[in-house]
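The structure appears right after this line, and notes come after that.
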Amino acid sequence: MTKQENTLLLVDGNSVAFRAFFALQNVGSFTNHDGLHTNAVYVFKKILDNILKKYSPTNVLVAFDAGKTTFRTKKYSDYKAGRAKTPGELSEQLPYVRKLLAAYGIKDYELADYEADDIIGTLSRQGEAKGYRVVVVTGDRDLTQLTTDQTTVSVTQKGFSEVEEYTPAHVQEKYGLVPRQIIDMKGLAGDNSDNYPGVTKVGEKTAIKLLKKYDSVEGVYEHIDDMKQSKMKEHLIEDKDTAFLCKDLATIKTDAPLTLGLEDTKRQELNETKLRSFYEELDFKSFLKELTGEDPDATKKFNEIEITLLDESQLKKVPAAPKGPVAFYLEIDGKNYHSAPFIGFVLKIDGQYFGARDVQLLKEEPLKQILTDPKIKMDVFDSKRTFVGLNRLGLEMTAVDFDLLLVSYLLNNTENSDDLGELAGLHGFDQVKTDEQFYGKGAKREIPSDDKKLFAHLSHKAAAIADLKSQLFAELKDNQQQDLYDEMELPLALVLAKMEIAGITVDTDRLEQMQSEFKERLAQVKQEIFNEAGEEFNINSPKQLGHILFEKLELPVIKKTKTGYSTAVSVLEKLRGMSPIVDNILVYRQISKLQSTYIEGLLKVVFDKDQKVHTRYTQTLTATGRLSSVDPNLQNIPVRLEEGRKIRQAFVPSHPGWQIFSADYSQIELRVLAHISGDEHMQEAFKSDRDIHANTAMQIFGLDSEDEVTPNIRRQAKAVNFGIVYGISDYGLSQNIGITRKQAKKFIDTYFEKFPGVKKYMDDIVSHAREEGFVETIFHRRRYLPDIKHKNYNVRSFAERTAMNSPIQGSAADIIKVAMINMDKKLAEKKMKTKMLLQVHDELIFEVPNEELKEFEDLVKNVMDSAVDLNVPLKVECAHGKTWFNAK
DNA sequence: GCGATCACG
DNA sequence: ACGTACGTGATCGCT
């Protein structure tokens, strides 16, 4: 498109302000220091910025309605009657919207007896006559009647950073009408929101049908005699006058007697001084910062927050019935909040700060009540950590509203820090030091003994939580991620906290027994390796091992790494048979991995007091929305090889007569792919519960019956399915199943021919990523892909594969999260003793008393199956036994 | 502190 | 012709 010189932007002020108000209703605390509501002004400003940036207009005018009575009410007294009154919280903001416009150098205008629509209609025609490109911005679809080749009507959407652009072609597509017929449609069908009726029993659908045949209201009545006898015909005849009146009401004036002209709409320069004092008046800190590039609080010093340090005698100073939300920050000295010592806490209650080092005070009133009362909403950083910390004190935090860590993660998981200071800084609040800056790191790390110093840091953390709440909630809402937060991540945090606290019991005797067995075998194999090598060396050192294999024994070099020879399994496997040392090294590797990571590593993290391990799930780390597990990682306990699988014998129920129960989603990622791609063949395979890999095999090898699928063919097809999920490349596939690139490419091409829906999804998702800069899951979890337009092929290709994979992996992660929340709820409702212990991406592990086994199996299948309604069924497979090993 | 390796989905 | 499958965490040796 060639760039035109002059663009005239016409904004329907009332309608956009109305949309803005409802876009951010009941979100955070959107009032300034005088109690003035500011949500509509805030969003109006955001929308304005978006459209100014998008269209770079030379001329701008924002039109407002002048009052209740207009020429339309004179023609038809019920026009817009019965409309709910504009809420006071909105009308009080309209003068401030105008103030904002004035500071922006934008003209606003209203005209007695006319609506904003008519001002816009008139100016748009004047603009067209002068050769302007005209853009109308409104929340009201009626204005689409103004679209022409020169005039675009942009209707604001639910989220406030998007608009739907109506051109004549888009109107055609949406309604099947040309723009001027919109008024004929309104005439026949009427308009509920403007309170005019149209013809009885004629709605949009019927109106469109009539107009396609007869072109206009006039056309309909010219041909009324040709119409077959029907109820509709009777209604049309009866309501003829109404139809013409309504068409007239719907018609936007293009000749209103304006007292200003195009030359008055020229955009003036933005007045920074005015804008600054305006933002200050409304307490728009983030906008102030964007304006000046500095923080409005920058002049404040850290110790300027006044805080009351509490002891027993001071507790009565704390307001027992907070009026607003309470910000709470609990500091724990170290990552592992299950065991690390407490440092102190800070509360911000109704503008006042309270704190203490002695966390035992939290058990005293009124603090206990504030923390545990479900009616008092808490704002925190990391609700899971906070919940576990309070649980150690015997307190149960029940009501969290805002979790700064979780919300930050949902908004942008590429900048994923878990440091409050760093995250606050990313969102424009840079008055909190990072923990590393404040406490120091490594050997220099130290908790200040000076109260003033310590509580300056902690109170600023609470300040950041309180301060960022409304801004970040607004961004969530704009991304349509409010539900993802309210219904998924926030409740999940508490479910995870309970699982972590429950822990899983470890049979340390069994581990120690394995430890001595492995020790013996390792010594044996080690000796054989040294004999074969003719010298002693450190087998664990890739460098020393490389020297022995490739220099001393002169085995062929298969692959190199940056630092030398590669000795990875894939390489050693190719060297098998050339020297007996290779097999021994493979055995040594396998056993020593089990020994160091799983036997010794696990024994180190078992808690003495309960013989359990209490992992921590990282809820805000992965780019796709999966969880991860640390300290210990219980999501990578060996299972593929029998030898390692035995480690699972050491995971046992916490009570005798209980069972370990495992429930896993079968093929969840491929089912998700079948759902989001809409591919018919793939959906059909799942709907008839076929073996999906065999099904793929039949398709890509052109087989007629499942009998022809040999194990090897099925294995290859399975690899193709995996490849598809990962964003396939021929080389990757060829490496994985040991075929040539050419063959791999053929498999892929055939696959896409047989599953065209999948092919289309892959193409569409990549172009979506290019256009929007991100991809999302079925629950609106986002992943930004800045590299999608990178000029380097490799970098770009990687981003493209990520675009294909993330919605699949991420949606699967979303689904099991929903299942976990529902499961937790059901177990509580039914007062069952069964406990959910672990999540391993597509499976859940429980411990179940024998007497609940039967009921539980039905329950878990049911809950997991119905976590989400996809176009294909979900399938859950269950197993149980007296150890995790036996739950297979 | 980083790369190589290998455990999992 | 590019260089190569998606997402993680723990351990080791070596700088």
Side-chain angles (χ1 to χ4, degrees), chain A residues 413 441-442 537-546 559-572 585-586 588-602 604-605 615-618 621-641 643-645 647-648 664-670 672-673 719-737 741 744-745 748 775 783 791-810 812-813 816 838-844:
Chain A
N413 54 17
K441 65 170 174 175
F537 65 100
N538 186 346
I539 308 167
N540 286 320
S541 162
K543 198 178 161 194
Q544 295 183 35
L545 180 62
K559 206 168 99 186
K560 286 199 153 192
T561 66
K562 275 181 241 169
T563 49
Y565 310 111
S566 169
T567 66
V569 168
S570 63
V571 171
L572 295 182
I585 289 167
L586 283 167
Y588 181 89
R589 278 258 175 91
Q590 197 198 330
I591 308 288
S592 81
K593 175 88 184 178
L594 293 176
Q595 183 79 302
S596 64
T597 304
Y598 296 103
I599 307 277
E600 285 162 3
L602 212 48
K604 266 187 249 172
V605 291
T615 186
R616 288 172 351 259
Y617 290 100
T618 327
L621 182 140
T622 70
T624 53
R626 272 191 177 182
L627 301 175
S628 86
S629 154
V630 292
D631 231 12
N633 180 355
L634 294 179
Q635 292 180 319
N636 72 345
I637 301 301
V639 67
R640 291 173 198 172
L641 301 173
E643 195 79 60
R645 193 173 197 153
I647 300 283
R648 295 180 174 223
D664 72 278
Y665 279 117
S666 162
Q667 312 295 354
I668 188 163
E669 292 194 344
L670 286 170
V672 166
L673 175 60
V720 172
N721 279 336
F722 273 98
I724 294 294
V725 169
Y726 294 153
I728 203 153
S729 83
D730 51 11
Y731 185 85
L733 180 62
S734 74
Q735 283 300 292
N736 194 288
I737 48 177
R741 263 180 72 166
K745 185 167 175 350
I748 296 166
V775 292
R783 179 167 186 179
K791 56 186 187 313
N792 179 309
Y793 173 88
N794 287 321
V795 179
R796 189 174 64 247
S797 299
F798 185 67
E800 286 169 1
R801 291 195 297 273
T802 312
M804 300 182 222
N805 171 265
S806 293
I808 303 171
Q809 191 181 112
I816 197 165
L838 305 175
Q839 188 250 43
V840 192
H841 309 306
D842 61 0
E843 70 177 313
L844 297 174

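Lettering of chains follows the sequences in order, A, B, ..., and the numbering in each one begins at 1.
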CG on A:Asn636 to OG1 on A:Thr597, rounded to 0.5 Å: 8.0 Å

A:Thr615 versus A:Ser629, side-chain donor and acceptor atoms under 3.5 Å: yes

Just call it for A:Arg741: base, sugar-phosphate, or nothing, with non-hydrogen atoms closer than 4.0 Å on any strand. base

Integer-rounded Å distance: B:dC6 P and A:Leu641 CG: 12 Å

Looking at OG of A:Ser628 and CD of A:Gln839, how far apart are the two atoms once the value is rounded to the nearest 0.5 Å? 10.5 Å

For A:Ile816 and B:dG9, give me the distance from atom CD1 to atom P, rounded to whole Å. 12 Å

I need the CD-P distance between A:Gln595 and B:dC6, as an integer number of Å. 17 Å

Roughly how many Å apart are B:dA4 and C:dT4, using the P atom of each and rounding to a whole number? 12 Å

By the 4.0 Å heavy-atom rule, please label A:Ser628 as base, sugar-phosphate, or nothing. sugar-phosphate

Which residues satisfy the salt bridge (charged side-chain N to carboxylate O under 4.0 Å, His left out) test with A:Asp664, sequence neighbours excluded? none

Nearest-angstrom distance from the residue atom CG of A:Leu572 to P of B:dT5: 9 Å

Sugar-phosphate, base or nothing in reach of A:Ala803, heavy atoms under 4.0 Å: nothing

Please, what dot-bracket string fits DNA chain C when only Watson-Crick and G-U pairs with both distances under 3.5 Å count, crossing ones use [ ] and pairs to another strand use |? .....|||||||||.

Report which part of the nucleic acid A:Ala813 touches: base, sugar-phosphate, or nothing (heavy-atom distance under 4.0 Å, all strands). nothing

Select base, sugar-phosphate, or nothing to describe what A:Asn636 touches, counting heavy atoms under 4.0 Å on all strands. base

My understanding is that only residues two or more places apart in sequence, or in another chain, count here; which of them pass side-chain contact (heavy atoms from CB on, under 4.5 Å) with A:Lys559? A:Ser566, A:Ser570, A:Val571

Answer with base, sugar-phosphate or nothing: what part of the nucleic acid does A:Gln544 contact at a heavy-atom distance below 4.0 Å? sugar-phosphate

P gap between C:dA5 and B:dT5, integer Å: 14 Å

Which residue pairs pass the salt bridge (Lys or Arg N to Asp or Glu O under 4.0 Å) test when at least one of the two sits in residues 792-807 of chain A, sequence neighbours left out? A:Arg770-A:Glu800

For A:Lys745, salt bridge (charged side-chain N to carboxylate O under 4.0 Å, His left out) partners two or more places apart: A:Asp749

Using a cut-off of 4.0 Å on non-hydrogen atoms, how would the nucleic acid contact of A:Gly723 be classed: base, sugar-phosphate, or nothing? base

For A:Lys441, give me all partners under salt bridge (charged side-chain N to carboxylate O under 4.0 Å, His left out), at least two apart in sequence or on another chain. A:Glu436

Describe the nucleic acid contact of A:Ile637 in one word from base, sugar-phosphate, nothing, applying a heavy-atom distance below 4.0 Å. sugar-phosphate

Scan the side chains in residues 723-737 of chain A for donor-acceptor partners under 3.5 Å anywhere in the protein, sequence neighbours excluded, and list what turns up.
{"from": "A:Ser729", "atom 1": "OG", "to": "A:Gly732", "atom 2": "N", "distance (Å)": "3.0"}
{"from": "A:Ser734", "atom 1": "OG", "to": "A:Tyr731", "atom 2": "O", "distance (Å)": "2.7"}

List, with names and distances, any nitrogen or oxygen atoms from the protein found under 3.5 Å away from nitrogen or oxygen atoms belonging to nucleotides 2-4 of chain B.
{"from": "B:dA4", "atom 1": "OP1", "to": "A:Lys562", "atom 2": "N", "distance (Å)": "3.3"}

Closest-nucleotide 5' rank along DNA chain C - winner of A:Thr802 and A:Asn794: A:Asn794

Using salt bridge (charged side-chain N to carboxylate O under 4.0 Å, His left out) as the criterion, list what pairs up with A:Glu600, not counting sequence neighbours. none

Between P of B:dG9 and OH of A:Tyr617, the distance in whole Å: 14 Å

Please identify the 5'-most and 3'-most nucleotides of DNA chain C with any atom under 4.0 angstrom from a heavy atom of chain A. C:dC2 to C:dT15

With sequence neighbours excluded, what pairs up with A:Tyr565 under the ring-ring contact (aromatic ring centres under 6.0 Å, His included) test? A:Phe550

Mind checking A:Asn538 for me? I need base, sugar-phosphate or nothing, with any heavy atom below 4.0 Å counting as a touch. sugar-phosphate

What is the distance from CG of A:Leu844 to C1' of B:dG9, rounded to the nearest Å? 13 Å

What is the distance, to the nearest angstrom, from the CG atom on A:Leu670 to the C1' atom on B:dG9? 13 Å

Considering heavy-atom distances to DNA chain C, does A:Thr597 or A:Thr622 have its closest nucleotide positioned more toward the 5' end? A:Thr622

Check every strand shown and say whether A:Arg626 touches a base, only sugar-phosphate, or nothing at a heavy-atom separation below 4.0 Å. base

With heavy atoms under 4.0 Å as the rule, sort A:Val725 into base, sugar-phosphate or nothing. nothing

Under the salt bridge (Lys or Arg N to Asp or Glu O under 4.0 Å) rule, what pairs show up with a residue in residues 622-634 of chain A, not counting sequence neighbours? A:Arg616-A:Asp631, A:Arg626-A:Glu669

Nearest whole Å is fine: how far is B:dA7 P from A:Leu594 CG? 7 Å

Approximate separation, where rounding is to 0.5 Å, of A:Leu627 CG and A:Ile816 CD1: 8.5 Å

Any base atoms under 4.0 Å from A:Leu621, or only sugar-phosphate, or nothing? Heavy atoms, all strands. sugar-phosphate

side-chain N/O A:Arg640 vs B:dA7 OP1/OP2, d < 4.0 Å: no

Under 4.0 angstrom, heavy atoms only, what part of the nucleic acid is A:Ser629 near: base, sugar-phosphate, or nothing? sugar-phosphate

With a non-hydrogen cut-off below 4.0 angstrom, is A:Asn736 in contact with a base, only sugar-phosphate, or nothing? base

Any side-chain heavy-atom pair from A:Val569 and A:Leu586 closer than 4.5 angstrom? yes

